[in-house]
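Side chains included, hydrogens not; waters and symmetry mates left out as well; all remaining heavy atoms used.
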Amino acid sequence: MDLLAHLEAYVTAVDEASFSRAAERLGIAQPLLSRRIKTLEEHFGGRLFDRSRRQVATTELGHLLLPYAQDVLDRAQRLGHVARSARQSAVHTIGVPADCGPAALARIIRAGAERDRTFAVRELAPDARVAGLADTSLTYALVRVAPENAALRVPLGLASAPPQSPDGAAAGPPEARRRTRRRAIHLEDLRPRRRGGAPGERRAAVPILTMAEDQVPDAQDRLRRAVARAGLPEGTVRPAGPMATALAETLAGQVTLLCTEPFARRHGADWAPLDNAALHRGYDTGAARRHGSAAQVPDWLGALLAAAVGAATTAPTTASEAAGEDAASRLAARG
């Protein structure tokens, strides 16, 4: 028996002196209210209402128990209020990568507020997010893992300067450029090409800058091996400095930037995905351990975090995947 629901039906019927009005006030059907009161009477071993009269009348037992029932309901209401206040006052901090879009993070904060939870988002490096979960300074975080083992896979590609029109402006709107620049990039295609001048003279390879989010050891090792296999000169890949400077150099055509598509589009750069999926980002959603047990990341929050980092679906992306080739072994072999 739901004691609170049954007591509420009883107290409301006393207030209204009518089962029909009490049911309407509670938003339930009258037969349901009548059953709740009958169940309560069986529980207490006596009638609470005299139904022999035209108008519902409270019995002696009903009058005797009424103040205690009201007290129980009042205490339950205060208990709920205290719990809501505690949820609203406690700040749940979420660790996210530094390249998430503000609008996506705002959706996370708003969704928490709709559920009486106060969220704060902190842009942190991958190792700082892991440490924050361990010391419980973070409630939730996106944790970097190998893409073949990840719940969330985020495609990476190279951002570059948009094509310029004769007046120096970007040629065409971003949507049109997006439709024409979706061919996947093979690192082999970035090898220095021979100049048209002196024999043997080659153009220098365009540097590839990596963001702090991709400077984790496993990701760096995979990228170094892929660059070596592609025959690119040593030093082609280097860490990006201040992000504003890296973006300026990218938009000026001096470098390319390894990043996600949403990040490149927000800053007006062209973007094309890397063909090698072993170089993409992998994430799991993590929660801090509290009181000796690991918390669970709510499904709705996991979906919003996936959107914030631009996670791709797990649908097949290559012909070999569509044919059923084992993804973990394929990515491990390529990385």
Visitor: Are there over 12 heavy-atom neighbours, none belonging to R75, within less than 6.0 Å of that residue's CZ?
Guide: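 12 or below, so no.
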Visitor: Looking only at atom types and distance, does a side-chain atom of T58 sit under 3.5 Å from a main-chain N or O of F49, one as donor and one as acceptor?
Guide: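 Flag not set: sc T58 to bb F49 has no pair under 3.5 Å.
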Visitor: Between D15 and R25, does the salt bridge (Lys or Arg N to Asp or Glu O under 4.0 Å) criterion hold? Intermediate values first, please.
Guide: CA-CA 11 Å; D15 289 344; R25 176 171 150 185; 3.7 Å; yes
Visitor: Could you pull out the closest heavy-atom pair between V206 and T236, with the gap in Å?
Guide: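 In terms of heavy atoms, the two residues are closest at O-CG2, 3.9 Å.
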Visitor: Within the side chain of T210, is there an N or O that forms a donor-acceptor pair under 3.5 Å with the backbone of Q215?
Guide: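 Not a single qualifying donor-acceptor pair exists.
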Visitor: Would you indicate whether D74, at its atom CG, is surrounded by more than 12 heavy atoms from other residues, nucleotides or ligands within a distance under 6.0 Å?
Guide: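 Enclosed.
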Visitor: How about H6 and Y10: are their ring centroids closer than 6.0 Å?
Guide: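 For H6 and Y10, the ring centres are not under 6.0 Å apart.
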Visitor: Counting only N and O atoms by type, is there a donor-acceptor contact under 3.5 Å from the side chain of W271 to the main-chain atoms of C259?
Guide: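 Flag set: sc W271 to bb C259 pair under 3.5 Å.
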Visitor: Please determine whether residues V309 and M211 belong to a single hydrophobic cluster, defined as Ile, Leu, Val, Met, Phe, Trp and Tyr linked transitively by side-chain heavy-atom distances below 4.5 Å.
Guide: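 No, V309 and M211 fall in different hydrophobic clusters.
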Visitor: Is it the case that the side chain of T39 and the backbone of R35 share a donor-acceptor pair, with hydrogens and angles ignored and the cut-off at 3.5 Å?
Guide: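 Pair found, side chain donor or acceptor close to backbone of R35.
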Visitor: Around atom CD of E234, are there more than 12 heavy atoms from other residues, nucleotides or ligands closer than 6.0 Å?
Guide: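 No, the 6.0 Å shell around CD holds no more than 12 heavy atoms from other groups.
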Visitor: Considering residues at least two apart in sequence or located in another chain, which fulfil the side chain to side chain donor-acceptor pair (under 3.5 Å) criterion with T139?
Guide: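 Side chain to side chain donor-acceptor pair (under 3.5 Å) list for T139, sorted by chain: R290.
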Visitor: Does the pair E261 and R265 meet the rule for a salt bridge (Lys or Arg N to Asp or Glu O under 4.0 Å), with working shown?
Guide: CA-CA 6 Å; E261 181 176 14; R265 302 304 182 192; 3.4 Å; yes
Visitor: Verify, without hydrogens or angle tests, whether R281 (side chain) and P147 (backbone) share a donor-acceptor contact under 3.5 angstrom.
Guide: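 Checked: no pair found.
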Visitor: My understanding is that only one of D214, D284, D127 makes a salt bridge (charged side-chain N to carboxylate O under 4.0 Å, His left out) with R144; could you say which?
Guide: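 Testing R144 for a salt bridge (charged side-chain N to carboxylate O under 4.0 Å, His left out) against D214, D284, D127 leaves exactly one candidate, D214.
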Visitor: Can you measure from OH (Y140) to CG (L133) and round to the nearest 0.5 angstrom?
Guide: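 Separation between the atoms: 11.0 Å.
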Visitor: Compare all side-chain heavy atoms of V145 with those of Y283 and state whether any distance is below 4.5 angstrom.
Guide: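 With C-beta onward as the side chain, the pair stays apart.
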Visitor: Please find the pair of heavy atoms, one from C100 and one from A308, that lie closest to each other, and give the distance.
Guide: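 That closest heavy-atom pairing would be SG-O, 3.7 Å.
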Visitor: Mind checking what makes side chain to side chain donor-acceptor pair (under 3.5 Å) contact with R224, not counting sequence neighbours?
Guide: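 R224: side chain to side chain donor-acceptor pair (under 3.5 Å) contacts with D221.
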Visitor: So D218 and R222, salt bridge (Lys or Arg N to Asp or Glu O under 4.0 Å) or not? Walk me through it.
Guide: CA-CA 6 Å; D218 178 66; R222 290 173 183 239; 3.0 Å; yes
Visitor: Give a yes or no on whether a salt bridge exists between R107 and E114, defined as a side-chain N under 4.0 angstrom from a carboxylate O.
Guide: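 E114 and R107: not salt-bridged.
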Visitor: Counting N and O atoms only, with roles assigned by atom type, does the side chain of H63 sit under 3.5 Å from a partner on the main chain of L48, one being a donor and the other an acceptor?
Guide: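 Between the backbone of L48 and the side chain of H63 there is no qualifying donor-acceptor contact (under 3.5 Å).
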Visitor: Any side-chain to backbone donor/acceptor pair from R129 onto L142? Under 3.5 Å, distance only.
Guide: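 Yes, the answer is positive, given that a donor and an acceptor are paired below the 3.5 Å cut-off.
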Visitor: Give a yes or no on whether the backbone of A9 and the side-chain of T12 come within a donor-acceptor separation of less than 3.5 Å.
Guide: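 Not at all, since once roles are kept as given, no pair shorter than 3.5 Å links the two residues.
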Visitor: Mark yes when over 12 heavy atoms from residues, nucleotides or ligands other than Q220 sit less than 6.0 Å from its CD; otherwise mark no.
Guide: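 More than 12 within 6.0 Å, yes.
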Visitor: Determine whether more than 12 heavy atoms belonging to other residues, nucleotides or ligands lie under 6.0 Å from atom CZ of R21.
Guide: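 Yes, CZ of R21 has more than 12 neighbouring heavy atoms, counting only those of other groups under 6.0 Å.
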Visitor: Tell me the closest heavy-atom pair linking A150 and G282, and the distance in Å.
Guide: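 It is CB-CA, 3.5 Å.
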Visitor: Return the minimal non-hydrogen interatomic distance between W300 and A111, and the atom names on each side.
Guide: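 Here W300 and A111 meet closest at CZ3-CB, 3.7 Å.
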Visitor: Would D275 and R183 satisfy salt bridge (Lys or Arg N to Asp or Glu O under 4.0 Å), going step by step from the backbone distance to the final call?
Guide: CA-CA 9 Å; D275 173 69; R183 187 179 66 83; over 6 Å; no
Visitor: Within the side chain of T250, is there an N or O that forms a donor-acceptor pair under 3.5 Å with the backbone of A269?
Guide: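 Judged by distance alone, no pair lies under 3.5 Å.
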Visitor: Determine whether L33 and L26 make a side-chain contact, defined as any pair of heavy atoms from C-beta on separated by less than 4.5 Å.
Guide: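 A side-chain contact under 4.5 Å exists here.
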Visitor: Are any of the side-chain heavy atoms of L156 and T260 separated by less than 4.5 Å?
Guide: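 Heavy-atom side-chain distance check passes, below 4.5 Å.
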Visitor: Taking the side chain as everything from C-beta on, heavy atoms only, tell me whether I94 gets closer than 4.5 Å to I108.
Guide: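 Touching, per the 4.5 Å side-chain cut-off.
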